[in-house]
Amino acid sequence: MTVLKGSCHCGNIQFEVHSGLRDIVKCNCSLCSRKNALMAQAEPEEFVLVSGEDSLGLYQWNTGVARHYFCKNCGIYTHHWRRSKPCFAYNVACIEGVDKDSITKFTQVDGRSFSVTKED
């Protein structure tokens with residue numbers, strides 16, 4: 001079985017993905033376009049937070065379903081729980097030995113067209 005090892009920049013957050021890189025996407029929603037991250041998918045049982053739970057920051061917006069995690073020390077986005085499908089997505093650039101700039105095959109997701117909640 002393939003085990004991918006990932007971390008934030010400072011190393012406080014360490015995670016493993018017990019599968020290969022798959023379902024790589026780049027999203028153009030207002031948050032993802034600012035992060036400029038390539039994200040791969042992992043089923044809940046494939047994603048393991050090894051260390052750093054106390055270093056995780058959480059950002060939620062709009063519907064509050066998606067949970068975007070980042071390191072409170074170095075600020076790097078590591079992973080999130082998806083809104084559109086119950087699974088994790090993680091920052092490909094955080095995986096050891098992966099050069100995200102060499103990845104040319106990915107799906108462009110039109111997150112700008114996703115529904116948003118209206119403020120009263």
Side-chain angles (χ1 to χ4, degrees):
M1 169 183 281
T2 301
V3 177
L4 303 173
K5 295 182 181 286
S7 67
C8 63
H9 187 256
C10 70
N12 282 352
I13 298 169
Q14 305 275 328
F15 64 91
E16 293 179 349
V17 179
H18 294 256
S19 71
L21 283 175
R22 69 169 190 275
D23 300 323
I24 299 172
V25 301
K26 187 171 187 177
C27 178
N28 69 358
C29 78
S30 60
L31 178 61
C32 291
S33 63
R34 286 168 173 81
K35 319 190 259 206
N36 194 33
L38 281 180
M39 300 164 281
Q41 180 176 294
E43 296 302 320
E45 64 276 6
E46 296 171 333
F47 186 89
V48 178
L49 183 64
V50 175
S51 64
E53 186 172 358
D54 57 333
S55 294
L56 282 175
L58 171 63
Y59 180 67
Q60 292 177 283
W61 64 286
N62 193 21
T63 64
V65 174
R67 300 185 308 260
H68 299 267
Y69 295 100
F70 61 94
C71 177
K72 291 189 282 188
N73 185 55
C74 68
I76 297 297
Y77 151 71
T78 53
H79 65 286
H80 72 276
W81 181 257
R82 292 180 58 186
R83 170 185 168 192
S84 59
K85 179 181 178 186
C87 68
F88 287 101
Y90 58 92
N91 185 348
V92 171
C94 291
I95 301 298
E96 292 176 11
V98 173
D99 174 12
K100 84 167 184 68
D101 295 327
S102 69
I103 298 172
T104 58
K105 292 189 177 190
F106 57 86
T107 301
Q108 180 68 50
V109 174
D110 185 16
R112 288 183 188 149
S113 68
F114 289 178
S115 64
V116 293
T117 59
K118 296 184 182 193
E119 295 182 26
D120 294 326

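The figures that follow rest on heavy atoms only: side chains count, while hydrogens, waters and symmetry mates do not.
- Looking at Asn12, its side chain never comes within 3.5 Å of a backbone N or O of Gly52 through a donor-acceptor pair.
- Considering only heavy atoms from C-beta on, Met39 comes within 4.5 Å of Cys32 through its side chain.
- By the 4.5 Å heavy-atom criterion applied to side chains, Val17 and Val3 are not counted as neighbours.
- Placement of Val98 and Leu4 within a single hydrophobic cluster is found when ILVMFWY residues are connected by side-chain heavy-atom separations under 4.5 Å, directly or transitively.
- By the 30° and 60° cut-offs, the orientation of the rings of Phe47 relative to Phe15 is parallel.
- Distance CG/Leu49 to CZ/Phe88: 8.5 Å, rounded to 0.5 Å.
- Linking ILVMFWY residues whenever their side-chain heavy atoms come closer than 4.5 Å, directly or via other members, leaves Leu31 and Ile24 in distinct clusters.
- Minimum heavy-atom separation, Trp61 to Cys29: CZ2-SG, 4.5 Å.
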For side-chain contact (heavy atoms from CB on, under 4.5 Å), just list the numbers for Glu46 and Gln41, CA-CA rounded to whole Å, side-chain angles, deciding distance to a tenth of an Å, and then say yes or no.
CA-CA 9 Å; Glu46 296 171 333; Gln41 180 176 294; over 6 Å; no
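- In this structure, the side chains of Gln60 and His80 stay at 4.5 Å or more apart for every pair of heavy atoms.
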Apply side-chain contact (heavy atoms from CB on, under 4.5 Å) to the pair His79 and Arg67, showing each step before the final yes or no.
-> CA-CA 9 Å; His79 65 286; Arg67 300 185 308 260; over 6 Å; no
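- Between His68 and Tyr59, the angle of the ring planes lies from 30° to 60°, which puts this pair in the tilted group.
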Take Cys94 and Ile76, measure what side-chain contact (heavy atoms from CB on, under 4.5 Å) needs, and give me the verdict at the end. CA-CA 9 Å; Cys94 291; Ile76 297 297; 3.7 Å; yes
For this session: Would you sort out whether Asn73 and Ser55 count as a side-chain contact (heavy atoms from CB on, under 4.5 Å), showing the intermediate values?
Result: CA-CA 7 Å; Asn73 185 55; Ser55 294; 5.7 Å; no
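- Between Ser30 and Arg34 the shortest side-chain heavy-atom distance falls below 4.5 Å.
- For the side chain to side chain contact (heavy atoms under 4.5 Å, CB included) with Phe106, the qualifying choice from Val25, Asp23, Leu21, Leu38 is Leu38, the only one to do so.
- Atom CD of Glu43 sits about 5.5 Å away from atom SG of Cys87, to the nearest 0.5 Å.
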(message) Using salt bridge (Lys or Arg N to Asp or Glu O under 4.0 Å), reason through Glu16 and Lys5 one step at a time and then give a plain yes or no.
(response) CA-CA 5 Å; Glu16 293 179 349; Lys5 295 182 181 286; 2.9 Å; yes
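- Two residues are said to be in side-chain contact when any heavy atoms from C-beta on lie closer than 4.5 Å; Leu58 and Tyr69 meet this criterion.
- Shown here for Cys74 and Cys8, the closest heavy-atom pair between the two residues is SG-CB, 3.7 Å.
- Phe70 places none of its side-chain heavy atoms less than 4.5 Å from the side chain of Leu56.
- The CD atom of Gln14 sits 14.5 Å away from the CD atom of Glu53 when rounded to the nearest 0.5 Å.
- No donor-acceptor contact under 3.5 angstrom links the side chains of Lys100 and Asn91, judged on distance only.
- Residue His18 qualifies as enclosed at atom NE2: its count of foreign heavy atoms under 6.0 Å is above 12.
- Cys27 and Gln108 get closest at one heavy-atom pair: C-NE2, 3.9 Å.
- Of all heavy-atom pairs between Tyr77 and Ala37, the closest is CE2-CB, 3.9 Å.
- Proximity of Lys26 to Asn36: side-chain heavy atoms (C-beta onward) are separated by under 4.5 Å at one or more points.
- Remark: Asp54 CG to Ile13 CD1 distance equals 9.0 Å, nearest 0.5 Å.
- At least one side-chain heavy atom of Asn62 sits less than 4.5 Å from a side-chain heavy atom of Arg83.
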